[in-house]
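Below, each value reflects all heavy atoms present in this structure, side chains not excepted, and no hydrogens, waters or symmetry copies. Chain identifiers are assigned alphabetically (A, B, ...) following the order of the sequence lines, protein sequences preceding nucleic acid strands; residue numbering begins at 1 within each chain.
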Amino acid sequence: MPLATLPTLTPALPEIFLAIASMLLLMLGVFSSEENNTRTVSYASVLVLIVAIPFVGLVTEGRTVTFGGAFVTDTFAVYIKALVLVSAATAIIMSKDYLKIQGIERFEFPVLIVLATLGMMMMISANDLIALYLGLELQSLSLYVIASFQRDSARSAEAGLKYFVLGALASGLLLYGMSMIYGFAGTTSFDTLANIFHDAHGHVSVGVIVGIVFMLAGLAFKVSAVPFHMWTPDVYEGAPTPVTALFAVAPKIAAMGLFIRVMVGPFGELGAQWQQIIIFISVASMLLGAFAAINQTNIKRLMAYSSIGHMGYALIGLAVAGTAGDAALQALGVQSMLIYLGIYMFMNIGTFACILLMKRDGRMVEGIDDLAGLSKSNPGLAMILSIFMFSMAGIPPLAGFLGKLYVFQAAIQAELYALAVIGVLASVVGAYYYIRIIKVMYFDDPVDELDRGISLEMKAILVVTGVVIVFFVFYPVPLLTGAESATAALFHK
Amino acid sequence: MENLPWLSIITFAPLVGVFFILLIRDDDKEIVARNARWVALWISLITFFVSLGIWINFDNSTANFQFVEKTVWMPGFKIGYHMGVDGISMFFVILSTMLTVLCIGASWITITDRVKEYMIAFLVLETLMVGMFSALDLILFYVFFEGVLIPMFIIIGVWGGARRNYAAYKLFLFTLTGSVLMLLAILAMMFQAGTAEIPKLLTHDFPATLQPWLWLAFFASFAVKMPMWPVHTWLPDAHVEAPTAGSVILAGVLLKFGGYGFLRFSLPMFPLASADFTPLIYTLSIIAVIYTSLVALAQEDMKKLIAYSSVAHMGFVTIGTFAANTQGIEGAIIQMLSHGVVSAALFLIVGVVYDRIHSRDIDAYDGLVHRMPKYALFFMVFMMASVGLPGTSGFVGEFLILVGAFKANTWVAAFATTGIILGVAYMLYLYRRVIFGEMTKENLKSILDLNRREVAIFAPLLLVVFVMGIYPSLFLDAMHASVENLVERYQSALAAAQHISVVAK
């Protein structure tokens, strides 16, 4: 027997590509002239992330594992990775002007985002507890750094530190849960765990349950679900805005992907044990996201609560997927959740692009009141931001409504009526603060005008996301079928 | 010609207009405004004339849905794009397209601020209204039903009066709360019946234990939209603050969403629950008719008075609907159409003097007949139609409803009739104070009578009021087959349920 055989590398090709590319990007940053190396590296990073999408898309069907079963590639991973890559790329594009204005142009910034993306992709493809942890930590460590990227600002430093301390705590919880599961089940491989629990027919030792609960806590932290959400508002407010834009989308979607894979994969048979926990955090997130946002005056903080609420809605899908024993229903839950996340990505990217355009006299502003009268001074921007707000509130015919429609449909089919009723009522409360932003822009008298002038890249992002949100209702098929085939990968054994 | 998707053309033609208006770019605000007005007027006129084609080609002899279109929309979710009209919904489509034309005409000179956005909002609203009445898929219906909130919120909030924030919020949150519960009921229906197609659901028997819950969820939404007492409070606020054209659409079409919903969903799909809840509906309707009529008597604001009268008139509609016989239901539909025209006209009447004097207080006016004879004439006709004078559309509706109610429940008919008397009282009182008497107010001395544009807006409404009042068969014949079918279905479902309970005993 040879000492070690080289594993098949093809399933991990996109990750390998990103890893090598990030090294090269660092080189590029070091060796290009200091004046515009941030620019160069930013563009190169975007290019790398975009090129990685077709690499990811090589998988069209089936499921391949490598690295001794620790790494898996399937259509589910493809779907989530595509969302993550797109949102990471747009975050870099959006950061360009911001970094210049704040005087923090450093070429490490885009490279760190590429590294974080690599971590996210690894965790999406993790098929083993160890691999999961590796991916998660690579992501988290990169994100801690960029959260405090604006070193001179106390708020940014605070955000980074807070994120780091609480993130480390969550990682600890996760790791503890993983070790419990390993101790009681004797393996870290998802496939073996799934087989063990399948044979146990839902009867497992308390140790495993405790392990699952700890893992749930750790993962809930990563998706900022209540009661592990406390870091979110402070970090969102303190971190540089493009970083917040990234936080709101890429890591959340990746963590949600991981959440789904862990819960319906190895622990799929144990739905009866964890479904009620998911229902609780879903309800708590929706309610907190709805009520706590009402009094916010800072738009980034508002978006933090809004994203907590949205994670609550997405988790409805996971709660449905916890209906053990009914694969069709579980699949519906996951599919609705994937659709929700896809729409969520477009809404959030668009909204943060608008927030990044809130400048007055060349400086960034982030108060909701600063938007007063925007519909007079900049009608185009006001119109597109109100489209995003109506969409987030879930008003038809915009895409946000359809996202909610699918998760609620899943909840009704799973007969989780209380969850559905609380969900829709929370969405009415949520609508209150979303339409407040529209009110400020359209009904209030203008204050000092915001700066005009939108760069070509920002215009492109706004137009693309806006068109997706408005016209999704006319042609929803691509996202629906994408989510469907992604879900299928999880449920065929 | 036969195979063209006429309903889709009518529904989405206004969006084409929106596209053209978005293309208008010029530094001169006046030019932009003028172009936007003309584009909106032409598009809405074309849409209106095309929608008349639906009526001309409508087959009166069948209760089936006509002009049906069906395509895949969301595969895997059993949700399709499915459109069609029957005798119940067809006239509402035409009402929507007609009132949009008049709204754009009525805003021609009064709206000077952000004209482009204003016209876009109205055209989007037209798309949603027409789509709502012709949707034959539950989710499609909900998308149109709820989407109306977006343009309405903007119209009231941007071009509204002093307390527009409050009114816009109230409208939005009241309706949204009711509607989200309906959404859950829709999802439950889809799950239970395995389809979202309304024609199939119309013949599906929902379990008797589920019906009350579904009925209540739909009721939550339709009662707010209708609006029924005690959830009517958003309506006076919204009307008072909305610009004239906004009030016209609100009273003329949006209030019909609730009544249409009862006829399309509650009655045929949940007959057992409807029968059980009929006493509740009767009670709320009678309270609405009498209480809001009394409230209307005490109003000092003309728009508020008409708003309260709308609540009373809608009370008649719910009485007729749940009387669940042919006369009652046909009366309810005629009453809704009549109210759509008459209340729209009355809001426009108020708009005329508001544009000149900028006051809606009844006390700000007196003796207008001396300076505005044409205005007084139009006002009188619409006022008479509102109180149900024979020969006008209001009479046909109220008379049929009372006949239907009398057959179903004598007491209800008796109470409802007192509402008519009160209605006459507040309308005549309003008319006397505004039109008759000496003209004493200085600022009224130079007030001008209706100009040609305003006459052109009122003339078609006047025509409809009389046609509907003198020759109602034109409308009744088209809706008869559908209404008969609905009543038959309702009665046979009740009979079947009674049979089961008798057997069980």
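- Rounding to the nearest 0.5 Å gives a distance of 10.0 Å between CZ of B:F77 and CG of A:L402.
- Atom OH of A:Y417 is surrounded by more than 12 heavy atoms from other residues, nucleotides or ligands within 6.0 Å.
- Heavy-atom contacts from other residues, nucleotides or ligands closer than 6.0 Å to CG of B:L23 number more than 12.
- Among A:K376, A:E484, A:E415, the residue with the largest count of heavy-atom pairs under 4.5 Å with chain B is A:K376.
- The side chain to side chain contact (heavy atoms under 4.5 Å, CB included) test with A:F408 is passed by exactly one of B:L187, B:I186, B:V180: B:L187.
- Neither the backbone nor the side chain of B:Q192 comes within contact range of chain A, judged by heavy atoms closer than 4.5 Å.
- Atom CZ of B:F20 has 12 or fewer heavy atoms from other residues, nucleotides or ligands within 6.0 Å.
- With chain A as partner, the option from B:L128, B:N165, B:L183 having the largest number of non-hydrogen pairs under 4.5 angstrom is B:N165.
- Taking 4.5 Å as the limit, some side-chain heavy atom of A:F443 sits within range of a side-chain heavy atom of B:R164.
- Annotation: B:D28, atom CG; neighbour count of heavy atoms from other residues, nucleotides and ligands within 6.0 Å is above 12.
- Not less than 6.0 angstrom separates the ring centroid of A:Y432 from the ring centroid of B:F172.
- Heavy-atom contacts from other residues, nucleotides or ligands closer than 6.0 Å to CZ of A:F346 number 12 or fewer.
- The greatest number of non-hydrogen atom pairs below 4.5 Å with chain B, out of A:V477, A:L405, A:L425, A:V421, is found for A:L405.
- A 4.5 Å side-chain heavy-atom check between A:K439 and B:V158 finds every atom pair outside the cut-off.
- Proximity to chain A (any heavy atom under 4.5 Å) is shown, for B:W159, by neither the backbone nor the side chain.
- Scanning all heavy atoms of the two residues, the minimum distance from A:V428 to B:L173 falls at O-CD2, 3.9 Å.
- Close approach to chain A, defined as a heavy atom under 4.5 Å from one of its heavy atoms, is seen in B:I150, B:F153, B:I154, B:G157 of residues 150-157 of chain B, taken by number.
- Within residues 391-398 of chain A, the residues having any heavy atom closer than 4.5 Å to a heavy atom of chain B are A:I395, A:P396, A:P397, A:L398, listed by residue number.
- Looking at A:I339, only its side chain comes within 4.5 Å of chain B, counting heavy atoms on both sides.
- Interface residue A:S375: backbone and side-chain heavy atoms are both found under 4.5 Å from chain B.
- When heavy atoms are compared at a cutoff of 4.5 Å, B:F12 approaches chain A solely by way of its side chain, counted from C-beta outward.
- Within the 4.5 angstrom heavy-atom criterion, only side-chain atoms of A:L332, from C-beta onward, approach chain B.
- Chain B forms the most heavy-atom pairs under 4.5 Å with one residue out of A:K404, A:M383, A:R436, and that residue is A:R436.
- Proximity of A:Q413 to B:M190: side-chain heavy atoms (C-beta onward) are nowhere separated by under 4.5 Å.
- Of the two parts of A:L480, only the side chain, counted from C-beta on, holds a non-hydrogen atom closer than 4.5 Å to a non-hydrogen atom of chain B.
- Neither the backbone nor the side chain of A:V429 comes within contact range of chain B; no heavy atom of the residue lies under 4.5 Å from a heavy atom of that chain.
- One distance of note links CE of B:M74 with OH of A:Y475; it measures 13.0 Å at 0.5 Å rounding.
- Between chain B and the residues A:Y442, A:Y406, A:F474, the largest count of heavy-atom pairs under 4.5 Å involves A:Y406.
- Interface summary for chain A: among B:I79, B:L149, B:T177, the most heavy-atom pairs under 4.5 angstrom belong to B:T177.
- Looking at A:Q409, both its backbone and its side chain come within 4.5 Å of chain B, counting heavy atoms on both sides.
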